[in-house]
Each structure stands twice: as C-alpha cells, then as structure tokens.
Trainee: 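Mind having a look at this structure? Questions to follow.
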Amino acid sequence: MHGDLDNVYATLLHLQEVEKTKIDLLICCGDFQVYRTESIQFLQLISLLKCRGSLNSLNQWRKQERFLSIIRQFSLEVIHLKISKWNGLKQTMDVCCFCRYYGGWTAPDIYFLGFAGVVKFGNIRIGGLSGIYKAHDYHLGHHERVPYNEKDIRSIYHVREYDVHKLMQVEEPIDIFLSHDWPIGITDHGDWKTLVRHKPFFNQEIQERTLGSKPAAELLEKLKPPYWFSAHLHCKFAALVQHGEGGAVTKFLALDKCLPGRKFLQIFEIESEPGPFEIQYDEEWLAITRKFNSILPLTTRRANFGGLQLDMQECRQWVSHRLQTRGAKPFEFVRTVPCHNPSGSVSNVSSMGYCRNPQTEAFLQFLELPYLLDNTSESREQTNSPASFISRGVSIDHGSDVDEIELSEVDDAEE
C-alpha cells in the first residue's frame, strides 16, 4: 500500500462503476504506511536517508509529488534538529502496532489481523502472518519495549517462531492466507524466468533458494489454503502450488506497488454463503490464543512449548460457550489519539506516551487472560543480533530508478 490508500479506494470505486459490481472486501498484504501527520511522513523519509548516509540524495526525492509541499515547509537546519526526535515519533507509531498484537480495528472498517491471526469474513476463513522473516530474530521472543532503541525499531516487525507455531496448530481449512514476504520456493511453481527478466537481481536468490520466507513455506505446506496472497517484492507474480499428486491446489498471487501503470490490484470472486459479510472472531483461533498465551515470550528467550497443560478440546469448548454468550463480532474501534490536525505541531504528537489499547484489553478480558504486552517485570535482555539499526541499513544506488530496489536494498521492506 505504501500510504496510497486514497488511490486504491479511488481505483476500487472506478472498477465498481465500470464492471457493474460490488467489492465486499479489500485485502492489503502489509506496508500499509498511513501516517497521522505529513511531518511524520517526511521525518521518516529524512531519517531513512540519514541512516543510509544519503542526505545528499534529497533532490532525488523532490520528484516525489507527495513530498513537494512538505519539503517546502522545512529548512535543512530544522530537518537536522528534528531528526534527533525521530526515535520518539517512531515509538509513538510502532507502539500502536504492538498494543494491537492480537489484532483489532485500526480505524472504522480497517481491521488488522495481528502479528498472527485468523478471522472469518462471512463464512470465509482468512489467516495471516505479519512481518518479514529474518533468521537472526526468528527464535527470539517479543522483547521490544518502549522506548525503542535503534535495534528494536527494526526487529519489532520481524516474524517470530512463537507466532508461526500458533498458526501451525490450525487444523480447520483456511480459505485465504496472507503474508508480507513470499513463501520460499514459491517461484518454482510459476513463471520465474519471466520474473527474472523483469527483476534480474532476483535470479541469484532464486538459484540459492533464499528468496522468500522459510516459515511462510512451512505454513503453506501445512495449511494448503486455496488462496495465498503476498507483497513485499514490488512486482506481480502468480503461481499454482500442487500439494502432492491429486492433492489440494493453492493459487498464489503477489502484486506490485500502487503506482500508475503498475499491477497493484486484482479482483477475484470466492464462493460463500449469503452474508452478512462482516469480520468475526474465529473460534479455533481464539482457542489457540487462549492455550498459548501463558508462554508468550517477552524476552529474547524463545518460547517454551513443552510446558503447556491446557487441553485444546477443553479450550475450544470454553471459547465456544463464550462466543455463544457474547457473539463473535470484534470489540468496537475506540479512538485513542486525537484526529489529525493539519495545523498541529510535531511536538504534540511526540509527547504522547504509551497507553493500553481498549480493544486489546476487552479482548483479553473476554478470554480471561492477563495483559502481558507492557510487562516490565522480566529483565530486558540484550539481543545477540550483531547488526545495529545503521549497520543493518542499506545503500541507495543513486544512478538507478528509486522504484527498482534490489533485494539487498529492500531490507525490512523500506525504500
């Protein structure tokens, strides 16, 4: 999405009119990037260029129309002063993500699946895994806490073993699965030769079998959903995965960025029972969440899956009773910060501290689970990841098209 939600909506409205149809659900596979203020959006850009040692390349970005009016508001002196405050602004945005670890509404009618999750839309089950795969962080727990340091800013959205393990417990059929990066090996099942003609820097990763996410490939093999959608690599690619001879088939699709002339949107139809078409909690996933919540790893130590005592069938029956009593609709959206005021100052945003999200609190109370996400009783351990934020940063080839980012430059899906 990369912040272009308005353009996507405009395209959908146009397609509905032209095709004489109605679109019931819009699915986004990550990099949503909708910022509360234009100044924060601009500071993210400047901070990224600074970390790459590339402030002198600012003129490249002046070509980006959406930044022109913002750039005019700042002098370079002000930019340098504000960069030092960027970490605080980044914390304000990212903490909203972790306080919705279990998922929930990020705005009316915009639902986040969580770091891992399964929901129902009508009778269609949709599962998803957030983030991107980095081997050095995969076995760590969710150790990041505000105030985030330079490593936490990068690692907080790296896929973790704990969340994948929970998804591996799903037994009932999943209709649609979402991931940000592609399952590793997915190129074996599509026209990879055409892909590398358009993206020649993918060829080495494809040959070395390092293009994509190993955990996503494991989930694909386990869940075998009819549809799997991804993003991340900024190109359209389709594949057909046959799970064994005569087995289930998964239709894989990744799309491009939302830019003119790019293939960023596709409409498809899926059979379903009559509505209502609305997001609802999934019984099996709530049972899995209830069973595994007690071992949610909150330090760098990996989760201990061997100490669980709860019986899954018992959890399922308990959740079923709760859903029958309350209903399956997610808890309602609650506004936790002021609406965007174009005349407001950056300092007003950066002064906001951490607060628990009411949806998450209500969700955990519903499942009779403790709120662990801001637990500071356990010592904050240092990660063993050798790379700092800057050393993990990536360089820009100033002679290339800014939209053609090589895999080594796509580190953590940033441009």
Side-chain angles (χ1 to χ4, degrees), residues 2 29-31 48-49 51-54 57 60 129-140 151 154-155 157-161 164 177-221 228-243 250-259 261-264 384-415:
H2 289 287
C29 295
D31 281 344
L48 181 60
L49 292 175
C51 289
R52 291 173 173 173
S54 307
S57 68
Q60 285 189 37
L129 176 66
S130 290
I132 62 173
Y133 173 67
K134 293 291 180 181
H136 52 69
D137 287 331
Y138 181 62
H139 294 293
L140 302 180
K151 292 181 181 179
R154 307 284 283 202
S155 66
Y157 52 88
H158 289 169
V159 169
R160 303 300 161 87
E161 176 191 32
V164 174
F177 197 87
L178 316 175
S179 65
H180 185 57
D181 42 4
W182 302 8
I184 199 167
I186 195 67
T187 49
D188 295 343
H189 305 275
D191 187 0
W192 65 271
K193 292 182 180 180
T194 299
L195 175 65
V196 298
R197 278 202 296 270
H198 293 286
K199 302 280 187 177
F201 37 84
F202 287 3
N203 188 54
Q204 183 176 350
E205 272 87 355
I206 290 174
Q207 299 303 323
E208 296 174 349
R209 299 193 70 78
T210 57
L211 180 69
S213 165
K214 182 179 178 181
E218 293 170 352
L219 286 168
L220 174 60
E221 183 180 357
W228 186 297
F229 302 134
S230 298
H232 189 47
L233 297 183
H234 304 158
C235 60
K236 182 176 181 178
F237 181 76
L240 202 63
V241 182
Q242 178 80 49
H243 299 282
T250 296
K251 297 178 180 179
F252 173 85
L253 180 65
L255 294 174
D256 207 337
K257 292 174 62 178
C258 178
L259 291 171
R262 306 281 274 270
K263 299 174 181 178
F264 66 89
N384 295 322
S385 302
S388 67
F389 176 49
I390 295 178
S391 65
R392 287 186 195 172
V394 290
S395 61
I396 297 177
D397 179 2
H398 303 300
S400 65
D401 179 358
V402 294
D403 288 323
E404 294 295 324
I405 308 284
E406 295 192 3
L407 278 187
S408 60
E409 296 175 335
V410 173
D411 188 13
D412 299 358
E414 290 184 340
E415 295 180 78

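Model, not experiment: these values are computed from the prediction.
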Trainee: Assess whether atom CD of Q207 is packed by more than 12 heavy atoms of other residues, nucleotides or ligands within 6.0 Å.
Mentor: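 Atom CD in Q207 is crowded, with more than 12 foreign heavy atoms closer than 6.0 Å.
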
Trainee: In sequence, state the C-alpha distance, the side-chain angles, and the governing distance for D188 and R209, and then conclude on side chain to side chain contact (heavy atoms under 4.5 Å, CB included).
Mentor: CA-CA 10 Å; D188 295 343; R209 299 193 70 78; 2.7 Å; yes

Trainee: Could you tell me whether a side-chain N or O of K214 sits under 3.5 Å from a main-chain N or O of Y133, the two making a donor and an acceptor?
Mentor: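 Not a single qualifying donor-acceptor pair exists.
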
Trainee: Ion pair present between D31 and K257, side-chain N to carboxylate O less than 4.0 angstrom?
Mentor: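 Looking at D31 and K257, the cut-off is not met.
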
Trainee: How many angstroms lie between CG in L140 and CZ in R160, if you round to the nearest 0.5 Å?
Mentor: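 Output value for this atom pair is 5.5 Å.
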
Trainee: Report the distance from atom SG of C29 to atom CG of L129, rounding to the nearest 0.5 Å.
Mentor: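 Spacing of SG (C29) from CG (L129) equals 11.5 Å.
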
Trainee: Is it true that atom CD of Q242 has more than 12 heavy atoms of other residues, nucleotides or ligands lying nearer than 6.0 Å?
Mentor: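 Count over threshold, so yes.
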
Trainee: Which distance, rounded to the nearest 0.5 Å, do you find between the CG of L253 and the NZ of K236?
Mentor: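 One gets 6.0 Å once the value is rounded to the nearest 0.5 Å.
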
Trainee: How long is the span from the OG atom in S213 to the NZ atom in K134, to the nearest 0.5 Å?
Mentor: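 If we round to the nearest 0.5 Å, S213:OG and K134:NZ are 11.0 Å apart.
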
Trainee: For a quick test of reading the model, state the closest non-hydrogen atom pair linking G190 to F237 and the distance between them.
Mentor: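 Heavy atoms of G190 and F237 come nearest at CA-CZ, 3.6 Å.
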
Trainee: Please determine which of L211, T187, I186 meets the side-chain contact (heavy atoms from CB on, under 4.5 Å) test together with W192.
Mentor: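 Only one option passes, and that is T187.
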
Trainee: Just jot down the side chain to side chain contact (heavy atoms under 4.5 Å, CB included) partners of K251, sequence neighbours excluded, or say none.
Mentor: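 Expected list: Y227, L240.
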
Trainee: Any chance you could measure R154, atom CZ, to D137, atom CG, to the nearest 0.5 Å?
Mentor: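 That separation rounds to 11.0 Å.
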
Trainee: Test side chain to side chain contact (heavy atoms under 4.5 Å, CB included) on H243 and L220; report intermediate values, then the result.
Mentor: CA-CA 9 Å; H243 299 282; L220 174 60; 4.0 Å; yes

Trainee: For S130, enumerate each residue passing the side chain to side chain contact (heavy atoms under 4.5 Å, CB included) test, keeping only those at least two apart in sequence or located in another chain.
Mentor: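 Partners of S130 under the side chain to side chain contact (heavy atoms under 4.5 Å, CB included) test: F112.
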
Trainee: Tell me which one of W228, F252, F229 satisfies ring-ring contact (aromatic ring centres under 6.0 Å, His included) with F177.
Mentor: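 Running ring-ring contact (aromatic ring centres under 6.0 Å, His included) over W228, F252, F229 with F177 returns exactly one hit, W228.
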
Trainee: Quick check: does any side chain N or O of H158 sit under 3.5 Å from a backbone N or O of I132, one acting as donor and the other as acceptor?
Mentor: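 Judged by distance alone, no pair lies under 3.5 Å.
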
Trainee: Nearest heavy-atom pair of D181 and S230: which atoms, and what distance?
Mentor: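 D181 and S230 have their closest heavy atoms at O-OG, 3.6 Å.
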
Trainee: With side chains defined as the heavy atoms from C-beta onward, is the minimum distance between I206 and L195 less than 4.5 Å?
Mentor: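 Side chain of I206 against side chain of L195, heavy atoms only: contact under 4.5 Å found.
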
Trainee: Quick one: pull up OG1 in T194 and NZ in K199 and give me the separation to the nearest 0.5 Å.
Mentor: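 The NZ atom of K199 is 14.0 Å from OG1 of T194, to the nearest 0.5 Å.
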
Trainee: What's the verdict on side chain to side chain contact (heavy atoms under 4.5 Å, CB included) for L233 and F202, showing C-alpha distance, side-chain angles and the deciding distance?
Mentor: CA-CA 10 Å; L233 297 183; F202 287 3; 3.9 Å; yes

